[in-house]
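As the structure is a prediction and not an experimental result, all values here were calculated from the model.
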Amino acid sequence: MRYALPMVLLLAACVGSAQPIWLKPGSTALAAEQDFLGCAAAANRDFPPNRRIRTSPSVTIGLGGCRGNFCSGFNNGVEIYDEDENKGLRARSVNVCMATKGYAQTRLPACPSGSVTPLASQPYDTRGLCVANGRIAAPVTGLAATR
C-alpha cells in the first residue's frame with residue numbers, strides 16, 4: 001500500500017507527457033501539417049473566439065463561523081475568470097475535419113531532450129517514435145547521438 005501513491009504519480013507523469021498527434025499512415029509530414037492548419041483555420045473562421053468574463057460563487061466548506069480570532073471552515077472566495085464559449089466547438093470542428101480527411105488522433109510520448117530526427121512521412125508503426133514541436137520524430141540513439 002505504501003507504494004500506491006508513488007505508482008499513481010509515476011503513471012500520471014507518463015500520461016501527462018503524451019502528446020496528441022494526427023496520424024494518416026503513408027501521407028507526408030508536410031501534407032499532414034497543411035491539412036491540420038487548414039482545418040484549424042476553418043474552425044477559427046467558423047467559430048471565432050467568443051470571450052466571456054465569468055465568476056464562480058463563494059463557497060464555504062465546514063462550519064464557516066468565527067469566534068474571536070478563531071475561524072473554522074474554508075472559504076474559497078469569488079473567482080473571476082475569462083472563458084471562450086467557442087473553444088469546444090473549434091476543437092470538435094478540427095476533429096471532424098481531420099477525420100474526414102482520413103486522419104486519426106493518437107498519442108505519442110514527447111521526445112526526450114537531445115537529438116531527434118523529424119520524419120518526412122507518417123509511419124504505419126509508431127513504436128519507438130515521439131513528438132517534437134508537433135511533428136512525429138525518431139530519437140537519435142547510440143553512436144549517432146554522440147557524433
inquiry  = Tell me whether Tyr103 shares a hydrophobic cluster with Val94, the cluster being built from Ile, Leu, Val, Met, Phe, Trp, Tyr side chains joined at under 4.5 Å.
reply    = yes
Over all heavy atoms of both residues, which pair between [X] and [Y] is shortest? Give the atoms and the distance, please.
X      : Y      : result
Arg107 : Ala18  : NH1-O, 3.2 Å
Pro139 : Val116 : CA-CG1, 4.1 Å
Leu129 : Leu119 : CD1-CD1, 3.7 Å
Gln122 : Lys24  : OE1-N, 2.5 Å

request  = Side-chain contact test, heavy atoms from C-beta onward, threshold under 4.5 Å: evaluate it for Asp46 versus Asn86 and give yes or no.
outcome  = no
Trace of the side-chain contact (heavy atoms from CB on, under 4.5 Å) decision for Leu108 with Cys130 = CA-CA 5 Å; Leu108 293 175; Cys130 57; 5.6 Å; no
task = Identify whether the distance between the nearest side-chain nitrogen and carboxylate oxygen of Arg51 and Glu85 falls below 4.0 Å.
result = no
task = Considering only NZ, NE, NH1 and NH2 on the basic side and carboxylate oxygens on the acidic side, decide whether Arg90 and Asp84 come within less than 4.0 Å.
result = yes
Interatomic distance, [X] atom [atom1] to [Y] atom [atom2] [nearest 0.5 angstrom]:
X      : Y      : atom1 : atom2 : result
Phe47  : Arg92  : CZ    : CZ    : 8.0 Å
Cys97  : Asp35  : SG    : CG    : 7.5 Å
Thr106 : Trp22  : OG1   : CH2   : 10.5 Å
Cys39  : Gln34  : SG    : CD    : 12.0 Å
Asn95  : Gln105 : CG    : CD    : 5.5 Å

query = Should we say atom CG of Asp125 is surrounded by more than 12 heavy atoms from elsewhere, each under 6.0 Å from it?
reply = yes
Side chain Ser93, main chain Leu89, donor-acceptor under 3.5 Å = no
